[in-house]
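Chain naming here is simple, since letters A, B, ... match the order of the sequence lines and numbering starts at 1 in each.
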Protein chains: 4
Amino acid sequence: MGGNINGRILTLTTFGESHGSAVGGILDGLPSGLKIDLKLVQDELDRRRPGQSQVVSSRNESDKVEFLSGILDNYSLGTPIAFLVRNKDSKSIDYSHLENTYRPSHADFTYEKKYGIRDVRGGGRSSARETLARVVAGAIARQFLSTFGIEVYAYVCSIGKIRLSKSYNQVIPDNIESSPVRCPDKNVSDKMIELINKTAGEGDTLGGEIYCVIKNVPVGLGEPVFNKLNADLGHAILGINAVKGFEIGSGFNAVEMKGSEHNDSFIVKDGKVSTETNLSGGIQGGISNGQDIYFKTAFKPVATIRKEQKSVDNIENTIIIEGKGRHDVCVVPRAVPIVEAMSALVIADHILMNQLSNMDNLRK
Amino acid sequence: MGGNINGRILTLTTFGESHGSAVGGILDGLPSGLKIDLKLVQDELDRRRPGQSQVVSSRNESDKVEFLSGILDNYSLGTPIAFLVRNKDSKSIDYSHLENTYRPSHADFTYEKKYGIRDVRGGGRSSARETLARVVAGAIARQFLSTFGIEVYAYVCSIGKIRLSKSYNQVIPDNIESSPVRCPDKNVSDKMIELINKTAGEGDTLGGEIYCVIKNVPVGLGEPVFNKLNADLGHAILGINAVKGFEIGSGFNAVEMKGSEHNDSFIVKDGKVSTETNLSGGIQGGISNGQDIYFKTAFKPVATIRKEQKSVDNIENTIIIEGKGRHDVCVVPRAVPIVEAMSALVIADHILMNQLSNMDNLRK
Amino acid sequence: MGGNINGRILTLTTFGESHGSAVGGILDGLPSGLKIDLKLVQDELDRRRPGQSQVVSSRNESDKVEFLSGILDNYSLGTPIAFLVRNKDSKSIDYSHLENTYRPSHADFTYEKKYGIRDVRGGGRSSARETLARVVAGAIARQFLSTFGIEVYAYVCSIGKIRLSKSYNQVIPDNIESSPVRCPDKNVSDKMIELINKTAGEGDTLGGEIYCVIKNVPVGLGEPVFNKLNADLGHAILGINAVKGFEIGSGFNAVEMKGSEHNDSFIVKDGKVSTETNLSGGIQGGISNGQDIYFKTAFKPVATIRKEQKSVDNIENTIIIEGKGRHDVCVVPRAVPIVEAMSALVIADHILMNQLSNMDNLRK
Amino acid sequence: MGGNINGRILTLTTFGESHGSAVGGILDGLPSGLKIDLKLVQDELDRRRPGQSQVVSSRNESDKVEFLSGILDNYSLGTPIAFLVRNKDSKSIDYSHLENTYRPSHADFTYEKKYGIRDVRGGGRSSARETLARVVAGAIARQFLSTFGIEVYAYVCSIGKIRLSKSYNQVIPDNIESSPVRCPDKNVSDKMIELINKTAGEGDTLGGEIYCVIKNVPVGLGEPVFNKLNADLGHAILGINAVKGFEIGSGFNAVEMKGSEHNDSFIVKDGKVSTETNLSGGIQGGISNGQDIYFKTAFKPVATIRKEQKSVDNIENTIIIEGKGRHDVCVVPRAVPIVEAMSALVIADHILMNQLSNMDNLRK
């Protein structure tokens, strides 16, 4: 039973192996009449590609998205929007050494056992290249959200042990993209780059954390009990490669707080019900309360390292393997647009669902 | 668009307001021929009820599950299993003071804004009483899993600042239920109880963490890319009331580790491919690898406190409210069976999905 | 994989065996704030019960629906509406003679082979008693539709070889319920009753056809390509017990017509685009065009007859069986409210879906 | 809410406007390890293309399917299979005359009113060209079914008033493809061709009927109550362009039969439970009983005719339009592979679902 469809009303179905013909997807359920700026979509795609700075993989891909349907004269038709990105730069690489090998903490072993067959070239379907389709669809979702005034942005808040101590309220979003590691504090960003370069020299890799902020979300998004907004956000984020954790609002810090410390008192601000604090992270009872939504997510270090590692092959011999090829030391900066894309898709889906929650909102 | 259906093949649809007639659900998609011990189901339900120990709410509910369909002579028929638990003990309580009030960090405000109408009695649909249905269904899922040899257990690993320092491997599962707070270390458990009692005296409340372990999961569960096993587990857990965070395997600790430290080397053990370490938490590429699955989840402190709090009413006047009635100081011990139930439902659903992943597995 | 959930946004999940504790369901996805007249729901239920006239089974059931959730002070809460109807009148009947028997053209054989276990009492889940839940949910959907001015009514247009020759436009809806067989022409109705009585005397049974008309449907319902409005209507109707055929608009008569005869010319009528004829049955390209939607459906004769029939038992011996108990000679009149209910559920679901088809319709 | 996803486990998501870049789809949920003969897929596609005989449109398209993912060395990977067919031959055609026009019994009016925007070129998404994707996916589903020994074939049983009087049991499947109109009786086929040619001369068009037969279906397919096998087949068939009716087994003929005539007596044949007659059409209680499944479906005459027709434009002026371009007089022969494709997809989906109906069938 395929797991390649995301969303309930706005559904994204994706396809593609890393070194097959193409990766792409179909975005279904987008209302007609949305103006879509295709250049902005390509811009988002460019944000996740390798080779964009000195600290990430130097592979020079230029992934161009091609739209196949659903858009006419820059407006959505209300029909499925299909798109693809051709795979390139793959034939010259020899993957035969991976055919019988299970790389540690990769998906080689589990794919082989589940499916009995796998495309070993570049990780096949388990490659993060699959996330291209998410970024394309997310870029459209984002344009949908902007018609509601909703903004989504994410940034790197830690790499290895280097951490940004500022809260999200102190961060200047405009400073995110100017950092090669997408950390909006010049000082911390520099230290992260330094750590990446040092770790690259060691042949090792790094993990990190991403913070995501969603602003101007209307009150009411989220469908209790199982499709609470936080649950659907968590689902989307935990489905991104290498993610190990997700926390919303106060998150794991809530554990050590008392109720009197953690409760967000309601106040009236600018004539609207607001909260004094926002430890809830903008969601109460699974439903957005109009405050900023923010969450943090943890990425494990890249599994491919340039060091010798013990492993087994598919006939259960112990072997020694060593990572080859050009690989990122730390993918967290490149994951920023992916986190944004998945968040945008979830919020857009819930915007649509919430149109139907109340008789008063229905058009007659 | 209702959010009251969970799962893809094994679907649980739940219903019920806290002080309506009943709460319950329909479990659809369970194969026929499963022997169901109804007493074990009731036992699970008893584990989540208040009044079970000195440290939780003293309300004396005796929730009895009634099955309405789908089971004949203790075997599943392959038809929907419907069940309900009648609500009692509610008429005497006066909820009129809550009608126009938004309690801080409760769902009052968001439900009212989303639906324009809400059942204020006992929190209505947003009450944790809704989780009764999850526990009943989870208890059946558990019996399904035990035919595959799969075990699911959870325990409290922290309350407030009191933490269990043992790893899950050092924990003796049999010691969980003997602790009134479901912490399997007598010493830590006692400290937790002490903290709860002290905090009760202050009129305040506590949060905490639950660890969940799933053993003997076969290799192959999980449907990439969007229905990775970790993503579906996270979704189910983040949909439980008061949950603020979820991490699988190494979780947020992965962030500070290097690839060489975090990778789980493959080894051959007892003639089977295994891993030397298990920082992956039993899931790689979104698919179970046969190792133990374990995750941690964070619960915020209970929102109802016996202290004065500032809030607003529904005509935007500032008011002072104070919690009344019998409320838990800390719900985390009672949430243990709920976490187990949701985990069991997800694993059972994936056991079913995975039957269909490979032509070799199909019955002809 | 259970097949007990109907609809996409407005979902109905049903449960219940004929002689288990209860039948019922959960209606999820209904917007909050709908005024629900519970008496009208019970009235609909009463329309499908046996014993309502001289020509249908004389079993005196009085099925009372009990609502368990989702409604407060006669308004929908936006939460799941659960309901049940208790089963009665069953203990005294001895079903042991059916345990090992496959009745011809019943579901005994297929249920036993599929599930390996079945509830033989009264047909278990395959009993038409299951449709009680559809009628309850449909009665709510109908009240939802009436806020849009949409009307749904059905009537019997043939029983055996007795046919109503009037077109649906010539039928007076008010005459439907006054006929014991729900045929709105006194003369034809009388002949049908005569035929039923004659056939009852022979120990035999009859099939028939139902015509359903849906008026005032707005333009735009239907989600091409797979969820065309006609496809979803057909799905819902073909899922009713004993239905063998479905045709929309001109239906099978379209086959012998030429394009020039079959095309519905557009005209302007009362300042709105309308069509001169309506052979399309109110749906073009899978989307409603504002004209009347009408379809016809065929019911096979009741399988239980009071005549000897050859069959086999579950150890493959040839046996002779003969129907016992009180059974309808013709269920078609009782199926009228079921056809209406399923139609109302489909149209309501599409009303909701169509709110999301166009950016212009979204509430911001 | 998009309606472009078909199926529950084996899901087909399609995309594409008639004169956009491409049409295609993603088939998700196909188990890994299925050997796929890509030439057979292309062969199926060739069967539905225009220009294949003297009696259908002479447009010389050569639609070539390109696979983008999910297949490696002719085996399914268990990952999504994406494919596309490029659109050609479109630029030269001038569609500006249709921009403001609603062609009678086409989807122009309904698409414009629903979406507010439409691709007028060649009917856009409402074009039957969309069914290309169904045929490709169906051709794969067929290869899946053949591993279970299941065969699906369809043929034309009427065009206009020319009807094949043979029952499906008398038809020789090998004679279907040799007929230009896919009617397996040379004599009737010749009359149909004659009628088509005559009608072409009149500038008019024809409808017709297709019979579909599915052989060797195992007992047990179908998920009561809403996903009865007949309901899901009906849904899939009624979603094909121009279909107005669907009947299974005895269909509308059942109406005039008595129970004693219509019941299929069980017998033992070749050591297996079988039925003497098969008026049920191979499905009882919504579940396949191992007998042949057969159904009939009605297609309306083609809406585009070469005659003057009255209509209105989008500012509600009365206009006269006349069909231009190369159009089929009768699409029924070309619809044969589409009916087969949709049937194959439904049966394949149910083969998968039914693997999960019974504990005894699960692999442990």
### Task
Indicate yes or no: at least one non-hydrogen side-chain atom of B:M257 is less than 4.5 angstrom from one of A:K300.
no
### Query
Do the non-hydrogen side-chain atoms of A:V255 and B:R163 ever get within less than 4.5 Å of each other?
yes
### Query
Counting heavy-atom pairs under 4.5 Å to chain A, which of B:I5, B:V302, B:L352 comes out on top?
B:I5
### Query
Side chains of B:K258 and A:E202: closer than 4.5 Å at any heavy-atom pair?
yes
### Best-contacting candidate, A:P301, A:G285, A:G207, against chain B by heavy atom pairs under 4.5 angstrom
A:P301
## Note on the structure
Value for CD1 (A:I305) from CG (B:N263), rounded to nearest 0.5 Å, stands at 5.0 Å
### Message
Rounded at 0.5 Å granularity, tell me how far CZ in A:F246 sits from NZ in B:K244.
### Response
9.5 Å
### Max heavy-atom pair count under 4.5 Å with chain A, selected residue of B:I319, B:L206, B:V273
B:V273
### For chain B, the option from A:A107, A:S357, A:G222 that forms the most heavy-atom pairs under 4.5 Å
A:S357
### Query
Counting distance only, does the side-chain N/O of A:K113 pair as donor-acceptor with the main-chain N or O of B:G220 below 3.5 Å?
no
#### Entry: Segment of A:E316 engaging chain B (4.5 angstrom heavy-atom cut-off)
both
### Query
Taking C-beta and beyond as the side chain, do A:L12 and B:F226 meet within less than 4.5 Å on heavy atoms?
yes
### Query
Out of A:N227, A:T131, A:L356, which one racks up the most heavy-atom pairs below 4.5 Å with chain B?
A:N227
### Task
For the residue pair B:F252 and A:F252, categorise the inter-ring angle as parallel (less than 30°), tilted (30 to 60°) or perpendicular (more than 60°).
perpendicular
#### Entry: A:S288 versus chain B, the contacting section by heavy-atom distance below 4.5 Å
backbone
### Summary
Honestly, the part of A:E112 sitting under 4.5 Å from a heavy atom of chain B is neither
### Query
Can you tell which of B:G245, B:G251, B:G259, B:G116 has the highest number of heavy-atom pairs within less than 4.5 Å of chain A?
B:G259
## Note on the structure
Scored by heavy-atom pairs under 4.5 Å with chain B, the best of A:H235, A:Q355, A:R103, A:K161 is A:H235
### Task
Flag the one option from B:N241, B:D232, B:I117, B:T199 with the top tally of heavy-atom pairs under 4.5 Å to chain A.
B:D232
### Task
Taking the side chain as every heavy atom from C-beta outward, state whether B:L238 and A:L238 have any atom pair closer than 4.5 Å.
yes
### Task
Against chain B, label A:T318 side chain, backbone, both or neither, depending on which of its atoms sit under 4.5 Å from a heavy atom there.
neither
### Task
Could you have a look at A:M342, A:E261, A:E209 and say which one has the most heavy-atom pairs with chain B under 4.5 angstrom?
A:E209
### Query
Stepwise, does the salt bridge (charged side-chain N to carboxylate O under 4.0 Å, His left out) test hold for A:E223 with B:K114?
CA-CA 10 Å; A:E223 301 298 315; B:K114 183 177 184 76; 2.8 Å; yes
### Query
Is A:E247 close to B:E247 at the side-chain level, that is, under 4.5 Å between some pair of heavy atoms?
no
### Task
For the pair B:F266 and A:F109, name the ring-plane relationship: parallel under 30°, tilted 30 to 60°, perpendicular over 60°.
tilted
#### Entry: Pairwise distance OG1(B:T110) to CG(A:L229) - rounded to 0.5 angstrom
10.5 Å
### Query
Taking all atoms of both residues into account, what is the closest heavy-atom pair of A:H262 and B:S105, and its distance?
O-OG, 4.1 Å
#### Entry: Contact winner vs chain A - B:I283, B:I248, B:I9, B:V243, heavy-atom pairs under 4.5 Å
B:I248
### Short side-chain to backbone donor-acceptor contact, A:S260 and B:D204, under 3.5 Å
no
### Message
How close do B:V312 and A:V268 get, counting heavy atoms only, and between which atoms?
### Response
CG1-CG2, 3.7 Å
### Task
Hey, could you give me the CG/CG distance between A:D108 and B:N289, rounded to the nearest 0.5 Å?
12.0 Å
### Task
Please flag which part of A:V332 lies under 4.5 Å from any non-hydrogen atom of chain B: side chain, backbone, both or neither.
neither
### Query
Between B:S126, B:G234, B:S280, which residue shows the highest count of heavy-atom pairs closer than 4.5 Å to chain A?
B:S280
### Query
Okay, side chain of B:N358, backbone of A:Y115: is any donor-acceptor separation there less than 3.5 Å?
yes
### Query
Who wins among A:R125, A:M353, A:R8 for the most heavy-atom pairs under 4.5 Å with chain B?
A:R8
### Query
Does the side chain of A:D264 come within less than 4.5 Å of B:P104's, by heavy atoms?
no
### Query
Mind checking whether A:V225 and B:R134 have side chains closer than 4.5 Å, heavy atoms only?
yes
#### Entry: Atom group of A:L279 that falls short of 4.5 Å from chain B, counting heavy atoms
backbone
#### Entry: Residue A:K310 versus chain B: region with a heavy atom under 4.5 Å
both
